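This is the structure I want to talk about, given as structure tokens.
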2 protein chains.
Amino acid sequence: MSNHAAVSAQSDIRLGPVSCLVLGLIGLRGPSTPYDLKKAIGRSVSYFWPFPHSQLYGEPERLEAAGLLSCQTESSGRRRKLYKLTKKGDAALKKWLKTPPDTVFEMRDIAVLQLFFSEFMSEEDLVRLALSQAKLYRERLATYAEIEKTYAGRMGRNRRMASLYLGIRMAKACLEFWEDIAARPPSP
Amino acid sequence: MSNHAAVSAQSDIRLGPVSCLVLGLIGLRGPSTPYDLKKAIGRSVSYFWPFPHSQLYGEPERLEAAGLLSCQTESSGRRRKLYKLTKKGDAALKKWLKTPPDTVFEMRDIAVLQLFFSEFMSEEDLVRLALSQAKLYRERLATYAEIEKTYAGRMGRNRRMASLYLGIRMAKACLEFWEDIAARPPSP
DNA sequence: TTGACATGGTCCGATTCATACCATACTAAA
DNA sequence: TTTAGTATGGTATGAATCGGACCATGTCAA
């Protein structure tokens with residue numbers, strides 16, 4: 001990704017999407033520990049911006065160093081750090097949100113990559129691929145359905161849920177796509 | 001991405017998606033220079049597996065070191081390297097193609113990320129975002145249409161084109177999505 | 001003959017990745 | 001009351017990827 005919409009704080013730190021994601025999440029949830037974020041992310045944001053949890057520990061530190069988050073270490077019980085937005089962090093988040101990106105979605109899909117090279121594949125293997133993908137999408141749609149139930153009806157009319165809604169539409173499109181391939185495998 | 005479908009050559013080199021992509025492309029096109037690949041990629045593969053061209057120079061080298069590609073340097077005129085698949089490379093490619101990935105598509109979308117955090121945004125800014133995204137998708141669909149024209153009708157029935165077809169469907173879904181948001185902005 | 005443009009390639013610091021591992025608390029059976 | 005299992009919380013790190021700036025060579029037109 002080119003660096004669309006990268007916003008720089010006064011202190012010159014570079015704010016990538018991951019930084020903004022952390023900022024935004026803390027903004028939505030209020031003061032949070034990295035582990036809180038890790039849990040919160042699992043079935044929401046990570047569907048349209050995947051990244052490993054280890055970044056949830058390093059990134060806030062950077063942000064704190066830049067004065068966008070403040071951190072208070074809890075001494076009782078397990079050691080853990082509670083981060084909250086500073087004025088500056090709040091401003092940076094809002095500034096970022098005011099800058100529409102000049103890019104569209106990016107997708108990475110190994111199965112589609114294989115399809116692209118499927119001239120080297122037997123029809124049988126191609127069908128196997130399509131079937132296995134279809135199965136995975138059915139599973140994913142099932143977990144989406146779970147989530148959807150929780151928000152019955154408000155999906156799509158609520159801003160935060162709208163994001164997930166797009167994910168569902170995409171997954172549906174993919175499911176249809178692979179089912180079609182499985183049913184009528186295109187010739188090489 | 002977890003390392004689904006990473007295939008390891010006899011020589012123990014790790015083959016990520018990018019490696020397989022290079023292998024596959026050379027398989028499809030025959031002997032190629034990095035620059036050939038760069039050009040070839042522009043309007044096809046990079047839509048479902050984006051990466052910077054600089055990798056097209058480093059990756060083949062790794063692959064050559066592992067014996068999957070052979071390289072012959074052209075001496076006349078501009079210096080350039082012509083890579084071709086070795087037996088071993090061909091086998092690795094086919095092996096990879098026989099292993100369906102256990103993951104589905106991944107999407108990264110900054111605009112959707114912003115939408116997710118749009119509780120901190122005015123309705124006006126949200127509409128601006130939606131409009132700007134819709135415009136970008138219209139442009140992308142236009143370039144897809146160009147490509148589609150070249151393959152009139154065979155789109156979707158030909159394996160390689162099927163991959164692109166999915167990209168188009170996704171882009172259409174996104175366009176509708178953002179147009180809908182622009183027309184009826186959801187409440188926070 | 002020069003200088004603009006397309007072609008072809010390299011480099012490198014900064015991010016981001018996957019993943020394995022460490023550590024602390026809680027709980028419930030032995 | 002040990003202990004062993006499980007969930008919680010966190011760290012470390014080498015490798016892969018990223019974006020882009022920049023270099024170099026050829027070609028063609030004025």
Side-chain angles (χ1 to χ4, degrees), chain A residues 1-8 12-22 31-42 45-46 49-66 71-83 101-103 106 108 110 113, chain B residues 1-8 12-22 32-42 45-46 49-66 71 73-83 101-103 106 108 110 113:
Chain A
M1 309 210 350
S2 60
N3 221 338
H4 24 267
V7 166
S8 61
D12 273 321
I13 196 195
R14 194 129 194 102
L15 255 30
V18 174
S19 325
C20 295
L21 198 156
V22 168
S32 313
T33 70
Y35 192 66
D36 292 334
L37 299 180
K38 180 179 171 180
K39 276 183 302 180
I41 269 170
V45 191
S46 71
W49 199 277
F51 62 96
H53 77 268
S54 52
Q55 282 182 253
L56 291 176
Y57 294 90
E59 193 59 32
E61 252 167 56
R62 272 187 67 228
L63 262 16
E64 190 200 350
C71 165
Q72 112 191 38
T73 307
E74 289 188 5
S75 46
S76 75
R78 200 188 297 276
R79 84 192 118 86
R80 43 199 258 125
K81 292 172 165 189
L82 190 67
Y83 289 98
D102 56 1
T103 48
E106 233 173 63
R108 261 146 226 262
I110 302 212
L113 204 52
Chain B
M1 309 215 351
S2 60
N3 221 339
H4 25 266
V7 167
S8 62
D12 273 320
I13 195 196
R14 194 132 195 100
L15 255 31
V18 174
S19 326
C20 295
L21 198 158
V22 169
S32 314
T33 70
Y35 192 67
D36 291 334
L37 299 180
K38 180 180 171 180
K39 276 183 302 179
I41 269 170
V45 191
S46 71
W49 199 277
F51 62 95
H53 76 269
S54 53
Q55 282 181 253
L56 291 177
Y57 294 89
E59 192 59 31
E61 253 166 58
R62 269 188 69 227
L63 262 16
E64 189 200 352
C71 165
T73 306
E74 289 188 5
S75 45
S76 73
R78 201 189 296 275
R79 84 193 118 86
R80 44 200 258 125
K81 292 172 163 190
L82 190 67
Y83 289 98
D102 56 1
T103 47
E106 232 173 63
R108 259 148 229 261
I110 301 211
L113 204 52

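Chain letters run A, B, ... following the sequence lines, proteins first and then strands; every chain starts at 1. Please read these numbers as outputs of a predicted model, since none were measured by experiment.
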> Minimum heavy-atom separation for Pro50(A) to Glu106(B), with atom names?
Replying inline: CG-CG, 3.5 Å
> Once you round it to whole Å, what is the distance between C1' of dT24(C) and CZ of Arg80(A)?
Replying inline: 12 Å
> Ser32(A) and Leu37(A): which non-hydrogen atoms are nearest, and at how many Å?
Replying inline: CB-CD2, 3.8 Å
> Contact class for Pro50(A) (heavy atom, under 4.0 Å): base, sugar-phosphate, or nothing?
Replying inline: sugar-phosphate
>> Which heavy atom of Thr33(B) sits nearest to which heavy atom of Arg80(B), and what is that distance?
In response: CG2-NH2, 3.7 Å
>> Expressed as a whole number of angstroms, how long is the span from Leu82(B):CG to dG8(C):P?
In response: 12 Å
> Leu15(A) has an atom CG; how far is it from atom P of dT16(C), in whole Å?
Replying inline: 10 Å
>> Restricting to non-hydrogen atoms, name the atom on Pro60(A) and the atom on Gln55(A) that form the minimum distance, rounded to 0.1 Å.
In response: CD-O, 3.8 Å
> Just how far, in rounded Å, is C1' of dT16(C) from CZ of Phe51(B)?
Replying inline: 17 Å
>> Closest-nucleotide mapping onto DNA chain C: is Glu59(A) or Gln55(B) further toward the 5' terminus? I mean the 5' end.
In response: Gln55(B)
>> At a heavy-atom distance below 4.0 Å, what parts of residues 32-42 of chain A sit against DNA chain C?
In response: none
>> Looking at the base of dT19(C), is there any donor atom on it, or on the side chain of Ser54(A), that sits under 3.5 Å from an acceptor on the other one?
In response: yes
>> Whether the side chain of His53(B) and the base of dT10(C) hold a donor-acceptor pair under 3.5 Å is what I'd like checked.
In response: yes
> What heavy-atom pair brings Ser46(B) and Ile41(B) nearest, and what distance separates the two atoms?
Replying inline: OG-O, 3.3 Å
> Picking from dG10(D), dT19(C), dT17(D), which would you name as closest to the side chain of Tyr57(A)?
Replying inline: dG10(D)
>> Does dC17(C) have its OP1 or OP2 closer than 4.0 Å to a side-chain nitrogen or oxygen of Arg108(B)?
In response: yes
> So, for Leu56(B) and Pro34(B), which heavy atoms are closest and what is the spacing to 0.1 Å?
Replying inline: O-CB, 3.5 Å
